[in-house]
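Scroll down for the structure; my scribbles are underneath it.
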Amino acid sequence: MPTTVPQQDRGSALGFDAAARWRAWAPDVRHQTVGCGHFMAEEAPTTVIAALRELLRR
């Protein structure tokens, strides 16, 4: 099943790899670091919407 994992840039700066965790359950993972904090949909709505649309096309 296609899976998209958006990750805030603060988490990746601390060394947390969200995509690596998700690959254990979903091998078809697309990872994207989003330049924002914890509230991605509010802080970067255009980026989140684009990621969701791309996921739905897959």
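All of these numbers come straight from a predicted model, not from anything done at the bench. Count residues from 1 along the sequence.
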Can you list, pair by pair, the side-chain donor-acceptor contacts under 3.5 Å of residues 19-28, counting residues two or more places apart and other chains?
{"from": "D28", "atom 1": "OD1", "to": "R58", "atom 2": "NH2", "distance (Å)": "3.1"}
{"from": "D28", "atom 1": "OD2", "to": "R58", "atom 2": "NH2", "distance (Å)": "3.4"}

- Message: Measuring only between side-chain heavy atoms, which start at C-beta, is L55 closer than 4.5 Å to P2?
- Response: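 Answer yes - side chains close enough.
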- V34 and Q8, any side-chain heavy atoms less than 4.5 Å apart: no
- Message: Rounded at 0.5 Å granularity, tell me how far NE2 in H38 sits from CD in E43.
- Response: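 Atom-to-atom, H38:NE2 and E43:CD are 9.5 Å apart.
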- Task: Find the distance between OG1 (T47) and CD (Q32) and round it off to the nearest 0.5 Å.
- Result: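 With rounding to 0.5 Å, OG1 (T47) is 6.5 Å from CD (Q32).
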- Decide side chain to side chain contact (heavy atoms under 4.5 Å, CB included) for E54 and T4; before the verdict, give the C-alpha distance in whole Å, the side-chain angles of both, and the deciding distance to 0.1 Å. CA-CA 9 Å; E54 191 274 331; T4 296; 4.2 Å; yes
- Taking V48 as the fixed residue, which of R53, E42, M40 is the one that meets the side chain to side chain contact (heavy atoms under 4.5 Å, CB included) rule? M40
